[in-house]
Number of protein chains: 2
Amino acid sequence: MMSTSKANPSHPRHARDVTNWDLQTDVAIIGFGGAGGCAAIEAADAGAEVLLFELASASGGSTAMSSAEIYMGGSGGTRVQRACGFEDSTEDMVTYMMMSAGPQADEAKIRNYCENSVEHFDWLCNLGVPFKDSFHEERAIMCLTDDGLLYTGSEKAYPFRQQAKPCPRGHNLYIEGDNGGPLFMKIINENVASRDAITVHYETRALTLIVDDEDTVVGIVVRQGNQELNVRARKGVILCAGGFNMNEEMVQKYAPKLLAGNEPIGNPGDTGTGIMMGMAVGGAAINMHEGFISIPYYPPASITYGIAINDKGQRFINEDVYHARLGQAVLDQPGDRFYFILTVEQYGDYEKFNFMGAGIAGTGETVDELEQELGLRRGTLEGTLRIYNEDCEAGEDSQYHKAPEWLQKMEPPLVALDITPGRGVFVPYFTLGGLDTLTTGEVVDPQRNVIPGLFAAGRTACGIVRRAEGYSSGMSVGDATFSGRMAGRQAAARQPD
Amino acid sequence: MMSTSKANPSHPRHARDVTNWDLQTDVAIIGFGGAGGCAAIEAADAGAEVLLFELASASGGSTAMSSAEIYMGGSGGTRVQRACGFEDSTEDMVTYMMMSAGPQADEAKIRNYCENSVEHFDWLCNLGVPFKDSFHEERAIMCLTDDGLLYTGSEKAYPFRQQAKPCPRGHNLYIEGDNGGPLFMKIINENVASRDAITVHYETRALTLIVDDEDTVVGIVVRQGNQELNVRARKGVILCAGGFNMNEEMVQKYAPKLLAGNEPIGNPGDTGTGIMMGMAVGGAAINMHEGFISIPYYPPASITYGIAINDKGQRFINEDVYHARLGQAVLDQPGDRFYFILTVEQYGDYEKFNFMGAGIAGTGETVDELEQELGLRRGTLEGTLRIYNEDCEAGEDSQYHKAPEWLQKMEPPLVALDITPGRGVFVPYFTLGGLDTLTTGEVVDPQRNVIPGLFAAGRTACGIVRRAEGYSSGMSVGDATFSGRMAGRQAAARQPD
């Protein structure tokens, strides 16, 4: 059976089987989202000729679908941070991101990201990405105003605040509403279009990598219409083809816990082919079991005054964390049901937002009545509330360390929202695994040897973000754009043997 | 750079670079533990010529280091099960193992295992593996008597007992003490030695696979002394080289949560080279983040009467589960400390066993005193015990469903054992990820296309066992020996193109 009979991402084509190079370039980039666009710009600006291939009819990727918040800071602060009165330290940012990524943190990658984050902000500004020098105070999943800066993670929550001085690092584009993504990609698109060294091919599907007899990546097979094209990439191929969130079979195999969610977030093209192409030439796919999974329980921010409980009536987290940290905690808890317990005041204008779509599981004029409605064992929620209320009076959450500003004694009547995944609540998810890369974007094998000629960025690579429990909004677009640049620069500078 | 300059598991050698085949055989098997030994026997009995390569100076692998309990049943029961009065159903066994493996279960593999388990028992008996027709009643981590059968998992615990009729399936070799592993491998060794078609090479390290121009696996490079040998395997190579438990860098990369443990269990050769060799030719490594991790809190079985709590004074599990299920639950809980709370009677002869090596964290003449000693918030353990004791009186654990036989009201004085990982307690661990294979042992790529000529078994493959929370003793040696047989048979039958 000839390997060339049917191009397949799990099986590279051999250069010796290529009779004709249909296209030739220095750098071939797969995927024109945030990562691919930034990779192309950097590679072109470093003097390389670039072919950029996109499956869809237009640029965008998952970046255009996102809020395009960008997580940046350190080095004393970005222009926006400083204007808003925040002096950010690189070490605080490193510490926060290391805690976020947990035991699987890639310290070299995080350090490189944090140390160059202000420079990245300036680079984006130079492309024309606009940020307003204003701070958004309210706790929000996404910024619906045009403010430039907000807290987008668990920076102010335990245990992060114990080890890293809190600082807001979520940078929001200067546009009203949740419209950052399209604006961001419009700007990237204009920058790509203005560079003669970059040629974009839309409606082009990447099929598989091409390797020579030394297993160096020398090109890629793409399909346009019914035609397969062999593309020679003299300096390298950069895979920016997204993650595997839309490939349910692959999610089932690698990250089955995510299927507790009900809404895969991302681009339809996130089918894992970029990752599979890299694996097929020996690239190591890492962190494949991890993903962002969330119960987006705010706004309104007043929900934070309430308590989250499991089906034993126990609290299990400080409720002032980022929503994905709560999402992960729910998955890690034993039990079949999860509730947010609120007073009528805390419930407030929940229905106006109802962002997570949780239904009311029960109400009670007394705690006992609510326990019965929820089928909780009698006395369990009562015990939890007794301790919580004592702690509220004392001004310190002795058990879970929710910040004092969110402590508010809870008296009946009470409302319980059903936040159990699978019972109607919105549980978005996306994958956080991908090809292992160096800070340069070079793809490595399981022993961390570089695979010559192969680069990856954005969600095709495993970047700085590694876990739901440490996720903060803006880390994905931050990583995509920054890692794209690293890969573009390195590929352009590569001198093949 | 020539790929042959230094053989490396992450980089296959190309057959076109092989100038001389130093050895030739039908089937080459890497690793002479339980999987490799059984693979060799099956392949030889199917008419194939076999070369079996072992890194160490003797056979054994991790199987010889284990208790060699073997998880078998279904089809009405093995001879031992039936003699002990247990009629086992294949469906109950499948249900139990599917629950054990959780969302990442491989149903085809589990069904194949369960449907052929009694046949596997008979096959082992025919090799001379002895099992006594007697049942061991006591709850144990390992069987120190010569009894042939015992419960070795969570079969009788919630939620398993709700869905699958409990049946003991741990088969223990007919030998006193924890000596099953050496006896088992002695018998396998004798069976290998008695087959002329099998030649064993000890002190031989596998370096990398050899592929032809169609990327079919056609051999393997091994090293004996300072000499590299190119081994031609006409029908296939079977990787039975263990897991990656002893490669700390690889554990850190793929399964960092396991490093909460303090004792990697297995053979020193479990460095992941088999898995890496498979990945290098396009094989998919799956379930790489999962592992067995345990707090082996019994014997004495009387510990089961106590309750496990976190640093909020909350219970979080039914304490009658298998010890690794508790180990995983501890990892998934928030908090910094974990305790086993016991009455003085329940503590009993703990010190005589002290298998887990947990120290006493505190004692209390009253609950209040114990809370203070443990630094628990006042009233938390008290509330937990109040509910637990009410449930004990009612004969039903309303919260965690510990079986009624283990419910015993707890009155002070109380003792707390510190079961926090990292504080002295014994926390063994091993990896449960490996190459994805079909039931035949054929290694597949991420799209489940077979990689021609490549097979894997035992811990190098990802088998029937997928999670600590569903682990049962005997599943590993069961899987190793059974999957070795499947691979040996399939390889022997293969007709290369």
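Sequence lines set the chain letters: A, B, ... in the order given, protein chains first and strands last, and positions in each chain run from 1.
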Under 4.0 Å between a side-chain nitrogen and a carboxylate oxygen: does that hold for A:Lys257 and A:Asp332?
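Answer for the salt bridge query: no.
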Is A:Asp212 salt-bridged to A:Arg16, cutoff N-O under 4.0 Å?
no
Measure the spacing between CZ of B:Arg466 and NZ of B:Lys109 and express it to the nearest 0.5 Å.
5.5 Å
Separation of A:Phe338 CZ from A:Ile309 CD1 (nearest 0.5 Å)
10.5 Å
With a 4.5 angstrom heavy-atom cut-off, is it the side chain or the backbone of [X] that approaches chain A, or both, or neither?
X	result
B:Arg315	backbone
B:Asn449	side chain
B:Gln333	side chain

Which bit of A:Pro159 is near chain B, if near means a heavy-atom gap under 4.5 Å: side chain, backbone, both or neither?
neither
Which atoms of A:Ala260 approach chain B - backbone, side chain, both or neither, heavy atom under 4.5 Å:
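Contact with chain B is absent: no heavy atom of A:Ala260 under 4.5 Å.
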Can any side-chain N or O of B:Asp436 pair as donor or acceptor with the backbone N or O of B:Val444 at less than 3.5 Å?
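Here the side-chain-to-backbone pair does not exist.
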So, the side chain of A:Thr431 versus the backbone of A:Gly291: is there a donor-acceptor pair under 3.5 Å, distance only?
no
Verdict with reasoning, B:Asp445 to A:His11, per side-chain hydrogen bond (donor to acceptor under 3.5 Å, both in side chains)
CA-CA 9 Å; B:Asp445 69 24; A:His11 204 157; over 6 Å; no
Could you tell me which of B:Pro256, B:Gly283, B:Ala285 has the largest number of non-hydrogen atom pairs under 4.5 Å with chain A?
B:Pro256
Name the member of B:Glu290, B:Gln328, B:Gln104 that forms the most heavy-atom pairs with chain A at distances under 4.5 Å.
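The candidate making the most pairs under 4.5 Å is B:Gln104.
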As an exercise: rank [options] by heavy-atom pairs under 4.5 Å with chain B and give me the winner.
options	result
A:Leu259, A:Thr380, A:Ile317	A:Thr380
A:Gly335, A:Pro103, A:Gly282	A:Pro103
A:Met288, A:Met276, A:Gln314	A:Gln314

For the pair A:Asn287 and B:His289, evaluate side-chain hydrogen bond (donor to acceptor under 3.5 Å, both in side chains) and give the outcome as yes or no after the intermediate values.
CA-CA 8 Å; A:Asn287 207 44; B:His289 62 294; over 6 Å; no
Checking an interface table here. Which of residues 243-255 of chain B come within a heavy-atom distance under 4.5 Å of chain A?
B:Gln252, B:Lys253, B:Tyr254
Might you confirm whether atom CZ of A:Arg378 has over 12 heavy atoms from other residues, nucleotides or ligands at distances under 6.0 Å?
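Atom CZ in A:Arg378 is not packed in, count stays at 12 or less.
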Inter- and intrachain pairs under side-chain hydrogen bond (donor to acceptor under 3.5 Å, both in side chains), touching residues 382-391 of chain B, at least two apart
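Non-adjacent pairs meeting side-chain hydrogen bond (donor to acceptor under 3.5 Å, both in side chains): A:Arg377-B:Glu390, A:Arg377-B:Asp391, B:Tyr388-B:Lys402, B:Asp391-B:Ser398.
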